[in-house]
Amino acid sequence: MYFLNFFHRESKSFYINLFVLSVFNSLLYSGMLYIITSSINETALFVLDEYKGMLFLSFIILSFIGNKLFQNYSARLTNRVVYREELAIIERLKECAYNNFEKIGVEKVYTALDDSKVLGGIPGLLLTLLNSTIIIFCGLIFLLYTFSFGFLMVFAMISILFLFYWQRNVKIQKDLNILRDSHDEFHKYLRDFLVGVKELKTNRDRNDSVFHDYIEKNRKKTQELDLKTLLKYIFNEITGSYSWYLVLFAVIFVFPSMFEFSNEKSTTFVMVIFYLMGPVSALIGSIDDITRTKIAFERIGKFQKSTSSKLDFDKLSKSESRSLEFTSIEFKDVFYQHVDDKNNVKFNLGPINLKIIKGEVIFITGGNGSGKSTFMYLFAGLYKPISGTILLNGKEVKSPEYLANCISSVFTDHHLFSENYDNLNLTNENQELNKLIKLVKLEDIIDLSNQEKLLDHNLSRGQRKRMSLVYALMERKPLIILDEWAAEQDPDFKKYFYQTILTQLKKKGKTIIAITHDSQYFDRADRHIDFEFGKINKDENILVK
């Protein structure tokens, strides 16, 4: 099983330590059981009869110390593994291709992180399985040695119970998988509820529908399924516990009248039954944990598979990126497809053939579903072409993501981060920052403190777009992508953007690719490219005024 191999990879000595502990416990539990029964039956304990009390106490202390040492060891191992696996999931997202990230969905990321926490219970689960199995094994061997009929009866009892529980557990596992899917749905609905709060507060019917028809309905369905599964496990545990009382009833009241049972055999049998009741119950109860662990790791495996596709990222340093001499980007017969989870083609883009040279201002247009956004994602290196060639400065780009080394972007849903991840100088001392803030007319709104903290992001949508442009320009890359950037600006600033900002950026040698529908400003571009049905419908040069 995957989770067993997982801990072996983390610590080569994990299963060696587990084996040593199992042998150690086998000897101790066997000795403790033998001392108990010999004391009750008043039989001699070989040559150590007079020290049996001290010997029994020593076994208890040694068992305590051995289990404590192993649990401390496993706790440290688990602590390291759980947090590293959590980071590994996020790292896989960091490295996976953007189109795979789109298909995964945020809700599955959250459930994968929840699944990773299952790792924390594995050593405890293994220890329970180990100790319970050892005690049962020792008890059965002891019965086989002292009372063979009792051994056969108890062995048959345990076998029947496990077959019964395992068969029921197969059905429960199906319910647990449905339960996991229900949790995925809940995370999706909850995300809509939290992220779309403004849209919900302004539409009462939609607000009620999200809560009652989706979130509440999902929680009721999950609650019923969770309770159904819990009741099945409760039935399993109670059935197991009371089955032993039936065995005791037969031993104490039925068998003495049918067979010749000595008091010594009856006492030994009863003691062993009491000795085994706890471990067998623990072993049966662990079936629930085993099932949940198995499902969690299956889900983690699916998540890993869904993030297995990644782009080969040939990264440059910041200084190399800024000094990269850009002359042109050329697309030759570039083709891309959007497919669903069943590999059914939903959209075709291409073949795309075009060349963009340094200093051009290009406006991209097209209706909904025309392919302009898909082209932008290809251009930015977020999507990997199915076929065709992309040339940067006349040389083939083997890794599409390499294009990100010379491109800054402000997409229509651009996100302003909550931390200064780029370690930019955001103080009054940064003259470049001051100039850019004045360029986008935010000098009266943005307060540049003397401390290097985040700038105020409590801005309108249009102002946030302006700050996004400031951050993009501070990357000092030769190309910049602007996706519907001016759509949320007021008419005066929109005019200022097209007539002044674009002109200044072009003078600085920037190459600008902008998706726009502001046809009244098309004369501010060098070139206009229009997409239709996944193909370039028009590519014309414009005489700039």
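Predicted model only: the values in this text are computed from it and were never measured.
The only option from Tyr521, Trp485, Tyr498 that meets the ring-ring contact (aromatic ring centres under 6.0 Å, His included) definition with Phe363 turns out to be Tyr498. A side chain to side chain donor-acceptor pair (under 3.5 Å) with Glu484 is found for one member of Lys465, Lys372, His517 and no other, namely His517.
Here the side chains of Leu349 and Tyr377 are not in contact, with every heavy-atom distance at 4.5 Å or above. Between Glu432 and Leu473, every side-chain heavy-atom pair lies at or beyond the 4.5 Å cut-off. Residues Arg527 and Leu354 have side chains in contact (heavy-atom distance under 4.5 Å, counting atoms from C-beta outward). Two residues are said to be in side-chain contact when any heavy atoms from C-beta on lie closer than 4.5 Å; His338 and Tyr383 meet this criterion. Residues Ile329 and Leu479 are in side-chain contact: their nearest non-hydrogen atoms beyond the backbone lie under 4.5 Å apart. Counting heavy atoms from C-beta on, the side chains of Phe331 and Asn353 never come closer than 4.5 Å. In this structure the side chain of Lys441 reaches within 4.5 angstrom of the side chain of Arg466, judged on heavy atoms. Side-chain contact between Lys477 and Ile407 is absent, with no heavy atoms from C-beta onward closer than 4.5 Å.
When all heavy atoms of Phe326 and Leu392 are compared, the pair lying nearest together is CD1-CD1, 3.8 Å. The shortest non-hydrogen separation linking Phe497 to Ala486 is CD2-CB, 4.0 Å. Nearest heavy-atom pair across Ile352 and Gly534 is CD1-O, 4.4 Å. Pro385 approaches Ile390 most closely through the heavy-atom pair CG-CD1, 3.9 Å.
Judged by distance alone, with hydrogens and angles left aside, the side-chain atoms of Ser209 form no donor-acceptor pair with the main-chain N or O of Asp205 at under 3.5 Å. Using a distance-only test at 3.5 Å, with no hydrogens or angles considered, a donor-acceptor pair links the side chain of Asn430 to the main chain of Asn425.
No more than 12 heavy atoms of other residues, nucleotides or ligands lie within 6.0 Å of CZ in Phe193, so this atom counts as exposed by the packing criterion.
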Report task. Please assess Arg524 against Val361 for the test side chain to side chain contact (heavy atoms under 4.5 Å, CB included), listing each intermediate value before the final yes or no. Result -> CA-CA 8 Å; Arg524 310 309 303 179; Val361 176; over 6 Å; no

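A donor-acceptor contact closer than 3.5 angstrom is absent between the side chains of Thr222 and Asp226. Checking Asn218 against Tyr189 by side-chain atom types alone, no donor-acceptor pair falls below 3.5 Å. Using a 3.5 Å distance cut-off with no hydrogens or angles, the side chains of Asp526 and Asn541 do not pair a donor with an acceptor.
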